[in-house]
Amino acid sequence: MKLAEDILIVLAGETVELRPSLRHAIRLERRDGGFRQLFREISEGSLSAAIAIVDPHYDGDMIEHRIMDSMTEIRSALIAYVLACAGIDPDKPSEEKPAPDAAKKQPDARPYSVYLADLYKFGTGWLGWTPDQTLDATPAEITLAFDGHVEKLKAIHGKSEPQKGKDTRPIEEKFRLIFTDLGTQKEGAEA
């Protein structure tokens, strides 16, 4: 199964695919400071943060030197990877749901570890996937599959949810809420 766009980087002329699976998301979220710290470190060009992301996907040697030589070119792909692991799609229109029905709370309102555990529960419980299938899927894939399962159950049983208001906040506001402690602001914005 492959729903997410490929996140590709080039190290020493070799193309490496970074797949933001739930397995890797859980591992990265457990790092000191979680996704927010990882995002900050990647933004600042941290070699250790880049290695933490790339290492499971790369089987070559001298990874430190290869990443260091390519850091400027791969930084945006590493940031896209962290966002995908966190279940954030910057291209998704504001009115679409960011997470499965049972995990609709804003990611910043609860620990990401709970959000990722919920995704695991959805995959292994609701969807009946094996643990390996669930851990190999991306947060976006699990979310979409879960939403499809809920729609199927609604069609079979004829039940519907009450209409909830659409989230009309602009994507900039969502990023600001998620990464509030980064201390960054949009270029040209007043303090």
Side-chain angles (χ1 to χ4, degrees), residues 1-9 11 16-60 63-64 66-68 70-71 74-90 92 97-127 129-146 174-184:
M1 173 187 329
K2 190 172 199 177
L3 176 69
E5 286 189 34
D6 293 339
I7 300 175
L8 304 173
I9 61 171
L11 296 178
V16 178
E17 179 181 3
L18 304 178
R19 181 158 167 76
S21 69
L22 183 59
R23 178 183 322 276
H24 299 304
I26 291 169
R27 179 183 53 80
L28 291 173
E29 193 280 328
R30 289 179 177 163
R31 286 182 85 238
D32 188 34
F35 289 134
R36 291 179 184 187
Q37 181 64 26
L38 184 61
F39 185 84
R40 176 185 293 132
E41 290 173 9
I42 291 299
S43 297
E44 295 171 353
S46 166
L47 179 61
S48 63
I51 291 171
I53 292 171
V54 176
D55 190 46
H57 306 280
Y58 182 70
D59 57 359
I63 188 171
E64 297 88 359
R66 294 173 194 265
I67 290 175
M68 196 174 347
S70 304
M71 183 60 86
I74 68 173
R75 184 175 295 147
S76 63
L78 298 178
I79 289 172
Y81 182 87
V82 173
L83 292 174
C85 284
I88 299 169
D89 181 357
K92 183 182 266 188
K97 294 185 290 188
D101 290 344
K104 279 188 179 178
K105 293 181 183 176
Q106 289 295 329
D108 59 10
R110 64 193 180 130
Y112 270 106
S113 60
V114 174
Y115 168 71
L116 297 174
D118 283 348
L119 290 177
Y120 183 81
K121 290 177 193 176
F122 296 145
T124 58
W126 284 81
L127 299 171
W129 295 350
T130 67
D132 279 338
Q133 289 171 321
T134 302
L135 290 170
D136 289 340
T138 67
E141 291 166 342
I142 296 169
T143 300
L144 191 60
F146 179 81
K174 290 179 181 180
F175 278 120
R176 189 171 35 256
L177 289 172
I178 293 169
F179 297 109
T180 54
D181 69 334
L182 289 177
T184 59

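This one's a predicted model, so the numbers in the text were calculated from it and none came from an experiment.
- Inter-residue side-chain proximity for Cys85 and Tyr112 is flagged as unmet; no heavy-atom pair is nearer than 4.5 Å.
- Atoms CZ and CG, from Arg27 and Leu116 in turn, are 12.5 Å apart once rounded to the nearest 0.5 Å.
- Between Leu119 and Thr134, every side-chain heavy-atom pair lies at or beyond the 4.5 Å cut-off.
- Here CZ of Phe122 is found 8.0 Å from OG1 of Thr143. Values are rounded to the nearest 0.5 Å.
- Residue Ile142 comes nearest to Trp129 through the heavy atom pair CG1-CZ3, 3.8 Å, listed as atom of the first residue, atom of the second, then distance.
- Between Tyr81 and His24, the ring planes lie tilted relative to each other; the angle falls in the 30° to 60° range.
- Using a 4.5 Å heavy-atom cutoff, the side chains of Ile79 and Ser43 are in contact.
- One finds the CZ atom of Arg30 at 8.5 Å from the OG atom of Ser113 (value rounded to the nearest 0.5 Å).
- Looking at heavy atoms from C-beta onward, Ile63 lies in side-chain contact with Tyr58 at the 4.5 angstrom threshold.
- When side chains are defined from C-beta on, Glu17 does not count as touching Ile7, because their heavy atoms never get closer than 4.5 Å.
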Any chance you could lay out the side chain to side chain contact (heavy atoms under 4.5 Å, CB included) test for Glu41 and Arg31, step after step, and finish with the verdict? CA-CA 12 Å; Glu41 290 173 9; Arg31 286 182 85 238; 3.3 Å; yes
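- No side-chain heavy atom of Leu38 sits under 4.5 Å from any side-chain heavy atom of Leu78.
- To the nearest 0.5 Å, atom CG of residue Leu127 and atom NZ of residue Lys121 are 14.0 Å apart.
- Arg19 places no side-chain N or O within donor-acceptor distance of the main-chain N or O of Ala137, the cut-off being under 3.5 Å.
- In this structure a side-chain-to-backbone donor-acceptor pair under 3.5 Å is present from Glu141 to Thr138.
- Between Ile51 and Glu64 there is a side-chain heavy-atom pair separated by less than 4.5 Å.
- Between Ile74 atom CD1 and Ile9 atom CD1 the span is 4.5 Å, to the nearest 0.5 Å.
- One distance of note links CD1 of Ile53 with OG of Ser48; it measures 10.0 Å at 0.5 Å rounding.
- One N or O on the side chain of Gln133 and one on the backbone of Thr130 form a donor-acceptor pair closer than 3.5 Å.
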